[in-house]
Amino acid sequence: MTQRVYNFSAGPAVMPVPVLESIQRDMLALPGVGASILEISHRSGTFVAIAEAAEANLRKLLSISDDYAVLFLQGGSRLQFSMIPMNLLGKGQSADYILTGSWGNDALKEAKKEGETSVAWDGKSTNYDRLPKNGDLKLNPQAAYIHYTSNETIQGVQFKSEPEVGEVPLVCDASSEFLYKPLDVSKYGLLYACAQKNAGPSGVTVVIIRKDLLKRSDPNMPGYLNYQIHADNGSMWNTPPTFGIYVLKLVTDWLLNDVGGLDAMYQRNQDKAKLLYDVLDESNGFYAGHAQREDRSLMNVTFRLPSDELTDQFVGEAKKQSLTDLKGHRSVGGIRASIYNAMPLAGVEKLRDFMVEFKEKNAK
Ligand SMILES: *Cc1c(COP(=O)(O)O)cnc(C)c1O
């Protein structure tokens, strides 16, 4: 057996070990089926039951009401950057975008190709180290929707609660925090997340959409891009990402049965993040956090060291201790430790100890 490392990758990212073990155990033959999940029809009773269980688990974890459809799509969150305006932004309408980091900017870029947009707030002037207060938003009460990114994966800034936007449908890219804590879905028009950060493997993207918004989809748009068609067909208009849905079902089983639900998950996530932020705060500036304190992410901890040399040394020495994938994104620099749901406390404790030691050895 190869030794597993503590993998702090931003995505695809660490998965719960019991989930990997289930996949391994059942890969050649699903119990009672005699064939692999990779080999069975998406129309088979076995797969339909798996997809229904995945949806039921999500509905249970997030208390999603029947007013919402849950879709399992392909194309990642980036396809949602286009599908959202294609479906929801009518002619003559405009959509508002809150820009708190790289992903929000990328979402806006795609929306601009589809219609009118307006920037409700932009954190660029401070290199996306903070979030807006409700009073800071320039909102258009007639907007088709307002889009925001609840956790900016690259900068490591995360909203603690939804921005207040009145009656305008709130659209959220929750890719890198999905299922990290309980959520009031009724506040959203649409919430989406690719699975490969916090919910499963790459290849499946979850879209939770209020059913009244499905009416906005133009029947003449390409079928795959049309939310209404996916909702009418239970995400089986074409072959859905079967393996991804299967793993999502296992991850949500793990959240429900092993972790004990999202309140418990949230507590674990708070405890883990505190271990690292305490090191930052007690380092006399040796570890300089990118995000302002009140806007720090529980999922992606971003910070810089005094020099590029020390940063490289940090990454190299950490790797020797089986702490991997810690280099920050080039636009922010420094270090990024992604500590999603599946990162065990022991991994964060080991990183914390490494950081304390590294600082003692290298701080002047
Ligand atoms: C990773 C990520 C994306 C991009 O997802 P893809 O599946 O690669 O398209 C979009 N938004 C956020 C917040 C992300 O973390």
Side-chain angles (χ1 to χ4, degrees), residues 7-15 71-86 95 97-114 121-124 128-129 131 145-160 162-163 170-181 183 188 190-208 224-225 235 240-241 243-245 247-248 251 269 273 290-291 295-302 325 327-332 336-343:
N7 163 24
F8 294 89
S9 166
V14 57
M15 299 266 289
L71 310 178
F72 297 123
L73 305 182
Q74 309 197 46
S77 287
R78 272 197 193 270
L79 184 58
Q80 295 311 307
F81 294 173
S82 300
M83 278 177 74
I84 288 159
M86 285 172 134
Y97 278 73
I98 301 175
L99 305 181
T100 55
S102 305
W103 289 114
N105 273 284
D106 283 353
L108 174 64
K109 247 180 252 159
E110 296 305 313
K112 279 182 173 167
K113 299 177 187 171
E114 304 303 327
W121 190 82
D122 188 352
K124 187 171 190 218
Y128 300 108
D129 70 345
L131 300 173
Y145 61 85
I146 175 154
H147 181 282
Y148 83 113
T149 312
S150 50
N151 181 62
E152 278 286 0
T153 323
I154 290 174
Q155 284 77 15
V157 289
Q158 183 174 36
F159 282 85
K160 288 198 180 55
E162 296 80 4
L170 184 62
V171 173
C172 177
D173 177 356
S175 296
S176 53
E177 66 160 42
F178 189 53
L179 303 173
Y180 91 111
K181 74 169 184 180
L183 198 68
Y188 296 84
L190 187 155
L191 183 132
Y192 63 103
C194 52
Q196 70 269 21
K197 285 33 185 302
N198 225 7
S202 60
V204 59
T205 299
V206 177
V207 174
I208 301 169
Y224 190 83
L225 303 180
S235 301
F243 181 71
I245 293 169
V247 179
L248 186 92
V251 171
N269 284 326
H290 176 75
D295 298 324
R296 286 166 165 175
S297 169
L298 298 191
M299 300 282 103
N300 311 98
V301 178
T302 51
D325 296 80
K327 198 156 173 63
H329 192 272
R330 60 191 179 283
S331 60
V332 174
R336 170 173 54 175
S338 297
I339 48 172
Y340 298 120
N341 286 354
M343 172 57 67

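Note that ligands are numbered from 1 as they come in the structure, with each ligand's atoms numbered from 1 the same way. Throughout, residue positions are numbered sequentially from 1 according to the sequence presented.
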Should you measure from each heavy atom of [X], which atoms of ligand 1 turn up under 4.0 Å away?
| X | value |
| --- | --- |
| Gly76 | 7 (O), 9 (O) |
| Cys194 | 5 (O), 7 (O) |
| Arg78 | 9 (O) |
| Thr153 | 12 (C), 13 (C), 14 (C), 15 (O) |

Subject >> Where Val14 and Met343 come nearest, the two heavy atoms and their spacing >> reply: CG1-N, 3.7 Å

Subject >> Heavy-atom closest contact (Tyr180 atom, Asn341 atom, distance) >> reply: CA-OD1, 3.5 Å

Can you find a pair of side-chain heavy atoms, one from [X] and one from [Y], that are under 4.5 Å apart?
| X | Y | value |
| --- | --- | --- |
| Leu225 | Leu79 | yes |
| Leu191 | Phe178 | yes |
| Tyr145 | Leu190 | no |

Original post:
Would you say Asn151 has any N or O atom under 3.5 Å from an N or O of ligand 1, going by distance alone?
Top reply: no

Original post:
Does an N or O from Lys197, backbone or side chain, lie closer than 3.5 Å to an N or O of ligand 1?
Top reply: yes

Original post:
Is the shortest distance from a heavy atom of Gln196 to ligand 1 less than 4.0 Å?
Top reply: yes

Original post:
Is Phe81 touching ligand 1 with its side chain, its backbone, both, or neither, if touching means heavy atoms under 4.0 Å apart?
Top reply: side chain

Original post:
Is the side chain of Gln155 donor-acceptor paired with the backbone N or O of His290 at a distance under 3.5 Å, no angle test?
Top reply: no

Original post:
Hey, are Tyr148 and Glu162 close enough side-chain-wise for a donor-acceptor pair under 3.5 Å?
Top reply: no

**OP:** Considering heavy atoms of the protein only, find what lies nearest to atom 6 (P) of ligand 1 and give residue, atom and distance to 0.1 Å.
**Re:** Ser77 N, 3.6 Å

**OP:** Please write down residue, atom name and distance for the protein heavy atom closest to atom 11 (N) of ligand 1.
**Re:** Asp173 OD2, 2.7 Å

